[in-house]
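Counting from 1, the numbers follow the sequence of the chain as shown. Each ligand, and each atom within it, is numbered from 1 in the order the structure gives.
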Amino acid sequence: MTRSTAIVTGAARGIGLATTDLFRAEGRRVAMIDRDADELEKVAAERDNVIAIACDVSDPDQVDAMVRTARAELGEVHALVNNAGVAEFGPIDDCDFRMWRRVMATNLDGVFLCSQALAPALKEVKGAIVNIASISGLRASTLRVAYGTSKAAVIHLTQQQAAEWGEWGVRANAVCPGPVRTKLAMAVHTQEIIDAYHDAIPLNRYGSEQEIGELITFLCSDRASYVTGQCIAADGGFQSTGVGLPALRR
Ligand code: NAD
């Protein structure tokens, strides 16, 4: 089967934009989704083989309208990448309910809503879902009560999707990026944090948007046709190191 289309949320910049370009290089037509309508319009105008749909993925009505437009424009939907995400960090004691809900609304509700609304289209063609979680959903850390919990939930939601939609041939996998120098990360990473990550990551560096996108597009491709319900980190080895104390290496 020709896998000729994809929908990418949070596509206006960062990992979503890099993934859009990798799909385009495979010859796929991409529906780029983002709530930042101005930036989305700008980057979409610079690319061929894309359509741009402004949508806040945490709003059920906007998601329904987005799905109607995307299905009408693309015809078949072969892949959905739930990448839109927000990061707000702070101690548990300072995370008020509004901050908790802001993070959950995009990072968790958005994945649930877009996947559910696109499930009928994905079932028609045995499509693939890739949900973007995080190493923060695999390992707990300070300041990430909302972000880390939302990403851990995305990993479980992925397994639910794989379990329920497998009988239609729909595959669902999660990708857990390590740190990437995007606007999202740089808003919460000081130089001290950057240095500490370099120390803790076996490959001693941040990843690039493209390195994350390569795993996402692989999981959406027929080369991954027997892979579903999995959570794969692209993190320079961060998750694999149990007692990865920098002091032990010196
Ligand atoms: P980014 O901030 O550069 O891009 C995120 C995009 O999502 C933006 O264009 C933003 O407008 C859009 N977006 C946010 N909320 C939205 C909503 N409700 N509806 C529609 N669009 C929305 O971030 P990024 O670093 O490219 O992150 C992409 C994904 O990767 C996120 O899910 C993030 O949590 C995850 N991630 C990033 C890192 C990292 O270090 N950069 C690490 C682990 C996981």
Which residue and atom name correspond to the protein heavy atom nearest [atom], and how close is it?
atom: atom 28 (C) of ligand 1; answer: Asn83 OD1, 3.1 Å
atom: atom 8 (C) of ligand 1; answer: Asp34 OD2, 3.5 Å
atom: atom 43 (C) of ligand 1; answer: Pro177 O, 3.2 Å
atom: atom 5 (C) of ligand 1; answer: Gly85 O, 4.1 Å
atom: atom 19 (N) of ligand 1; answer: Val57 N, 3.0 Å
atom: atom 41 (N) of ligand 1; answer: Thr182 OG1, 2.9 Å
atom: atom 2 (O) of ligand 1; answer: Arg13 NH2, 2.8 Å
atom: atom 27 (O) of ligand 1; answer: Leu184 CD1, 4.0 Å

Quick look: Glu209 vs ligand 1, heavy-atom contacts under 4.0 Å, and the answer is neither

Looking only at heavy atoms, is any part of Cys55 under 4.0 Å from ligand 1, and if so is it the side chain, the backbone, or both, or is it neither?
backbone

Do [X] side-chain atoms and [Y] backbone N/O form a donor-acceptor pair below 3.5 Å?
X: Thr228; Y: Ala162; answer: no
X: Asn173; Y: Gln230; answer: yes
X: Ser150; Y: Leu108; answer: no
X: Asn204; Y: His198; answer: yes
X: Arg68; Y: Met66; answer: no
X: Asn83; Y: Gly10; answer: yes
X: Thr158; Y: Gly229; answer: no
X: Lys123; Y: Glu167; answer: no

With only distance considered, is [X] within less than 3.5 Å of ligand 1 through an N or O on each side?
X: Arg35; value: yes
X: Ser58; value: no
X: Asp56; value: yes

Does a salt bridge link Asp222 with Arg171, judged by any charged N lying under 4.0 Å from a carboxylate O?
no

Do Glu39 and Lys183 sit within salt-bridge range, that is, some charged N less than 4.0 Å from a carboxylate O?
no

Residues that Ser115 engages under side-chain hydrogen bond (donor to acceptor under 3.5 Å, both in side chains), provided they are two or more places apart
Asn82, Gln161

What are the atoms of ligand 1, with element, lying closer than 4.0 Å to any heavy atom of [X]?
X: Ala185; answer: 39 (C), 40 (O), 41 (N)
X: Ile132; answer: 29 (C), 30 (O), 35 (C)
X: Gly14; answer: 3 (O), 26 (O)
X: Gly178; answer: 40 (O), 42 (C)
X: Val86; answer: 14 (C), 15 (N)
X: Tyr147; answer: 33 (C), 34 (O), 35 (C), 36 (N), 43 (C), 44 (C)
X: Pro179; answer: 40 (O)
X: Ile15; answer: 26 (O), 30 (O), 37 (C)

CD/Gln160: more than 12 non-hydrogen atoms of other groups inside 6.0 Å:
yes

Does Cys176 have a non-hydrogen atom less than 4.0 Å from ligand 1?
no

I'd like to know whether ligand 1 has Ala133 as a neighbour, heavy-atom separation below 4.0 Å.
yes

Please report, to 0.1 Å, the donor-acceptor pairs under 3.5 Å made by any side chain of residues 42-50, with sequence neighbours excluded.
residue	atom	partner	partner atom	Å
Arg47	NE	Asp21	OD1	2.7
Arg47	NE	Asp21	OD2	3.4
Arg47	NH1	Val43	O	3.0
Arg47	NH2	Asp21	OD2	3.0
Asp48	OD1	Arg24	NH2	2.8
Asn49	ND2	Arg28	O	3.3

For a side chain to side chain contact (heavy atoms under 4.5 Å, CB included) with Gln62, tell me which candidate from Asp56, Val67, Val57 qualifies.
Asp56

